[in-house]
Visitor: 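Here you go, one structure.
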Amino acid sequence: MSRFSTMIGQMKVSEDQRFVLVTKMYANNSDSVLVFDRQSAVIPSDTILKKSSISFLNNNTVFASGPCRAELIELKSKKREIYDSVQRCNVNETLKQYVILGTDKNLKIYNAKGKVLHHEAGTLNYTITQQGQVYILAESGGFHKILKWNGSTMKLLYSTANHIVAMDLLESERFIVVKEKIDPNGKIRVRLLRISDGQLFHNNRISLGDAQNMKLTEAGHSETFLIDISVRNLPEKIGKLEIWYGGDKYLRNKDQGLMEHQYIVWNVKNNQAHSIPPKSMQVYVATDNPRYFWTYNAREDNDYRGFRSLNVYRYDLLENKSELVFENASEMVIGKDSRYTIGFLMYKNQWMVYDHLLEQTKIIDYNGILNYPIFMPDSSLLFTAGDRLINYHLETGVLKTGFKQENSKISFHEYSGKMIHQMESFKITRRTIEMSQPLMLHIRREDHNDSGYYSFYKGKLKKILPYSSNRIKMFSYKGRHDLMYSIEENYNLSPRLYSKSKSSGQKKVLYTTNLHDKEAIDLQQDVISYTNSEGKDLKGVLYYPIKFDRTKKYPLVVQVYSIQHDEFNKYLYPAWGPSGFNIRLLLENGYMVFQPDIISDNRGPGISALDCVHSGLDAIRENENIDFRRMGLTGHSFGGYETNFIATHSERFAAYVSGASLSDIMNTYFSFNELFKIADYSRFETGQFSMGVPFSKDKDLYYKNNPINFIEKVNAPVLLWAGKKDTNIPPTQTMSFYMGLLRNRKKVVALMFIDQEHTFKKSSEDIRDLNTKILEWWDYHLKSRKDIGWIDKEMKRDAE
């Protein structure tokens with residue numbers, strides 16, 4: 001297994017397209033960078049080892065860095081300049097320079113040829129802006145100073161005899177927040193340094209005490225700032241006693257304590273500072289208008305139903321009043337000119353538009369789910385919606401289909417926008433696109449099992465990468481160049497680096513990983529389409545074993561989770577699976593593997609899973625190479641729950657393996673999840689289990705989908721496993737299923753790993769042990785191998 005690289009990625013291409021850099025990754029490391037030169041006969045032309053970060057300085061030169069070490073490499077001559085004792089280093093992408101801060105506090109700025117342009121001793125910290133300026137915090141002669149490097153000269157911006165503890169550059173790059181320690185008791189004075197003229201602003205009301213933190217946010221491009229001074233109140237400890245209250249509105253924060261905020265709005269022009277009246281757990285977020293702020297309360301409505309949704313108000317600083325805008329919003333998105341903000345109302349499953357100018361709201365009424373909105377330059381919003389793009393005009397409210405590709409799933413490629421604010425799962429994002437910038441689309445055709453990449457501009461599509469059954473992991477596209485590069489793989493194709501001419505369409509393999517993997521090319525699979533008993537469209541992926549012989553029958557391992565067919569073209573390499581499952585290991589050992597899709601409906605997750613799995617097996621029942629008397633079912637986590645339920649209702653399987661699984665959902669429903677700090681009933685009502693109703697409203701639904709209620713009907717041996725440090729699925733759930741099987745005299749073995757969690761650590765001995773034991777379990781029950789002592793001890797117990 002150690003011979004197999006898992007993937008290549010982090011591709012970077014020189015501006016002239018001659019050199020390509022990719023990082024080669026293995027199970028336990030990813031610090032080898034391969035260099036490819038289009039004009040070299042050697043492939044790869046060079047290898048850069050133990051460097052996790054690498055950037056081009058020009059077409060022929062790269063700067064690479066890893067732990068405590070960096071290199072400047074001239075790619076044509078392969079000449080290297082090595083730097084040791086590196087504390088921190090960065091490439092200044094804009095100016096094509098690089099900065100190295102040594103462990104001796106000496107900072108040096110270099111040009112792309114490795115010439116030192118500036119040396120600053122006593123450097124404490126530095127930051128590089130998008131425009132290429134470098135701001136440096138240094139100390140010398142008893143003074144702390146802030147300097148600015150513009151690419152050729154260094155300028156002193158500020159000097160003080162006080163100790164500067166932090167230098168924070170604001171997003172607009174107009175101001176630096178300077179935090180100075182002014183007395184031995186730890187009091188911190190906060191100043192604003194305007195970069196354009198070096199003017200300092202200070203207000204006596206703005207300072208930090210012990211254990212306080214401060215965040216300063218600009219209100220648009222005004223010179224007004226929102227100051228958030230916060231302190232964490234740690235939970236009270238009463239000896240060894242914990243007290244849990246039924247009216248607790250901060251259950252998620254029970255271990256971490258509560259953040260208390262003091263908000264001040266500071267206008268530096270007139271040096272006026274206004275405190276926003278304090279309210280417990282109230283949070284404020286700046287807008288582009290210094291008069292208005294978004295605000296919400298971090299309390300919950302005492303039901304903890306899963307993902308955070310908030311009642312978001314617009315607070316008027318002048319009137320000191322708040323107006324409710326978004327009710328139960330889980331997300332907000334802001335446009336470039338900030339006239340419009342939209343929010344997703346979680347329980348209504350709709351987007352709502354707020355017009356700041358008219359102070360009006362409007363629901364976007366669409367019969368379907370709209371995802372990932374982007375503000376367009378023509379005062380419209382663009383959404384993805386399954387197989388189409390939907391355009392919504394903000395002023396007229398008109399909805400229209402901008403593009404449609406039937407039987408497809410359309411998504412925006414690598415476009416995330418800018419995060420403005422986040423609190424747990426709730427987020428506020430600025431997401432816009434310029435008029436001259438095309439959007440890149442990823443289109444996956446469900447009826448062809450392939451996908452491609454296209455640019456979308458002014459309502460028209462342009463082909464970037466045509467439809468392919470390969471999984472395209474990454475590509476480099478520069479419109480003015482003829483050549484482009486891509487990294488692709490498939491289930492039987494190890495990751496490869498390709499070059500392609502856009503004019504001729506010629507595609508060439510530059511590099512293939514795992515050349516020793518001769519067996520992969522002979523792997524076979526079928527992607528099968530079918531429906532469940534409710535008529536819902538499903539797919540399943542059936543894999544054939546290594547050295548497949550069409551004259552033979554093979555045992556089948558069925559693995560369940562939810563929708564799995566969208567990973568049909570992932571490269572299959574052998575590895576110790578963190579959940580004890582690896583397709584390639586099973587294929588190497590003479591098994592067929594089937595992964596049927598599972599979707600939940602109003603019958604509940606267990607009954608739905610049973611139906612989907614049986615429907616999938618029915619869809620492959622004509623396959624003469626499957627020995628349907630020798631089938632096993634396995635799943636982990638949610639898939640483990642599905643396995644447990646199916647084991648109590650199906651007679652088709654000869655053995656089961658269930659890992660880190662729920663067995664008693666009614667017990668778990670009324671539990672608190674220590675990993676995610678949420679009430680576990682949120683999983684069932686609005687989360688993965690998709691019950692849609694609370695237990696109190698439909699107890700029969702919960703009863704019918706609870707595996708433990710039907711434990712006596714299990715009719716095949718079960719292997720259970722769990723990590724005893726699992727805080728997501730308590731190992732007591734595994735023990736409950738074990739005890740139920742024991743009480744009903746069923747064949748069961750439980751593997752309880754003392755030092756493991758929900759999934760197993762890659763480098764542990766336990767992961768090897770788990771995978772080995774699961775393979776032995778399948779061999780024993782599906783291949784009639786009867787010389788495995790730890791299994792014999794259970795299976796032959798009645799004969800003792």
Visitor: Quick one about H119 and N106 (side-chain donor to acceptor, distance below 3.5 Å, no hydrogens or angles considered), yes or no?
Guide: yes
Visitor: Just by distance, with hydrogens left out, do N125 and R88 show a side-chain donor and acceptor under 3.5 Å apart?
Guide: yes
Visitor: Consider only side-chain N and O atoms of N297 and Q282, and report whether a donor and an acceptor are under 3.5 Å apart.
Guide: yes
Visitor: Please step through salt bridge (charged side-chain N to carboxylate O under 4.0 Å, His left out) for the pair R80 and E71, ending with a clear verdict.
Guide: CA-CA 6 Å; R80 282 168 156 81; E71 289 183 50; 2.8 Å; yes
Visitor: For a salt bridge (charged side-chain N to carboxylate O under 4.0 Å, His left out) with D168, tell me which candidate from K179, K215, R191 qualifies.
Guide: K179
Visitor: Regarding T429 and E331, do their side chains bring together a donor and an acceptor under 3.5 Å, going by distance alone?
Guide: no
Visitor: Taking the six-membered ring for Trp, are H261 and Y263 parallel (under 30°), tilted (30 to 60°) or perpendicular (over 60°)?
Guide: parallel
Visitor: Check for me whether R314 meets the cation-pi criterion with Y292, that is, NZ or CZ under 6.0 Å from the six-membered ring centre and within 45 degrees of the ring axis.
Guide: yes
Visitor: Do we see a donor-acceptor contact under 3.5 Å between the side chains of D37 and S45?
Guide: no
Visitor: Among W294, F293, Y315, which residue satisfies the ring pair (Phe, Tyr, Trp, His ring centres under 6.0 Å) criterion with Y284?
Guide: Y315
Visitor: Can you see whether F375 has R339 sitting over its ring - NZ or CZ less than 6.0 Å from the centre and within 45° of the normal?
Guide: no
Visitor: Aromatic ring centroids of Y477 and H413 under 6.0 Å?
Guide: no
